Amino acid sequence: APFIVGGVYSTGTNATLNGDIAEVLVYNSVLPALDRQSVEDYLNTKYAIFTSANTPVSTLSVTGGLKIWLKADAISGLSNGDGVSNWPDSSGNGNNATQSILPKYKTNILNGKPVVRFGGLGQVNQILTPILTMSNRTVLIVTTQVGAPPGGAHSLIYQNVSPYYQLYANSGSNILF
């Protein structure tokens with residue numbers, strides 16, 4: 001699978017996330033500062049990441065160039081603890097994330113919102129087409145760690161075809177933008 005959420009897809013590699021992902025946004029360009037701030041304000045309003053936002057924003061207004069938008073609160077039909085076999089893409093591009101070794105849907109975790117919990121050891125969501133085909137991009141992820149990373153780092157997203165790309169957090173990180 002070319003694009004992975006929650007780990008690295010490679011034989012003998014164990015750099016999967018041991019934590020939660022609430023939302024993933026991937027844009028096909030570097031967002032201008034005001035647009036990036038608007039997206040950060042939307043995420044902060046939704047998840048109460050910081051104690052104060054510049055401007056409370058209840059809806060995402062910056063959607064031009066959005067290649068993938070995974071939101072745990074867009075998953076339907078699951079109860080707390082159920083496996084997530086399909087994580088729908090809210091960007092309108094049909095880049096749903098699927099997997100057979102299932103991360104878990106957890107309710108009321110981050111500011112009362114659900115998350116997808118990855119427990120390491122092969123629990124990743126795969127998108128079968130390469131998403132990051134552009135050289136410039138903006139990636140925003142709302143995530144928390146729930147335990148030590150199995151491979152020394154929490155791999156958040158990974159693309160194993162050119163252009164190769166990995167975004168990960170070391171053990172000390174908590175929430176990343």
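Just so you know, these numbers come straight off a predicted model, no measurement behind them.
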Can you label the angle between the Phe118 ring and the Trp87 ring as parallel, tilted or perpendicular, going by 30° and 60°?
tilted

Partner of Leu25 under side chain to side chain contact (heavy atoms under 4.5 Å, CB included), chosen from Val139, Val142, Leu60
Leu60

Side chain proximity check, Tyr42 to Ser61, heavy atoms < 4.5 angstrom
no

Quick check for you: to the nearest 0.5 Å, what is the distance between Leu110 atom CG and Ile49 atom CD1?
6.5 Å

Can you give me the closest heavy-atom contact between Asn28 and Lys67, atom names plus distance?
CB-CG, 3.7 Å

Should the pair Glu23-Lys113 be classified as a salt bridge under the 4.0 Å nitrogen-to-oxygen rule?
no

Do you know which of Leu34, Leu31, Thr138 makes side chain to side chain contact (heavy atoms under 4.5 Å, CB included) with Val62?
Leu31

Return the OH to CD1 distance between Tyr27 and Ile68, rounded to the nearest 0.5 Å.
12.5 Å

Side chain of Thr45, backbone of Val57: donor and acceptor closer than 3.5 Å?
yes

Taking side chain as C-beta onward, heavy atoms only, is Ser91 less than 4.5 Å from Thr63?
no

Within a strict 4.5 Å, meaning less than it, do heavy atoms of the Ile21 and Leu70 side chains meet?
no

Ignoring hydrogens, what is the shortest heavy-atom contact between Leu78 and Val84? Give both atom names and the distance.
CD1-CG2, 3.9 Å

Minimum heavy-atom separation for Asn80 to Lys106, with atom names?
OD1-CA, 3.2 Å

Tightest non-hydrogen contact, residues Lys46 and Asn111, listed as O-ND2, 2.9 Å

Answer whether the closest heavy-atom distance between the side chains of Asn93 and Trp69 falls below 4.5 Å.
no

Examine distances only and state if a side-chain atom of Asp82 and a backbone atom of Ser79 form a donor-acceptor pair shorter than 3.5 Å.
yes

Work out which heavy atom in Ser90 is nearest to a heavy atom in Lys71; give both atom names and the distance.
OG-CE, 3.4 Å

Minimum heavy-atom separation for Asn96 and Asp89, please, with both atom names.
OD1-N, 2.7 Å

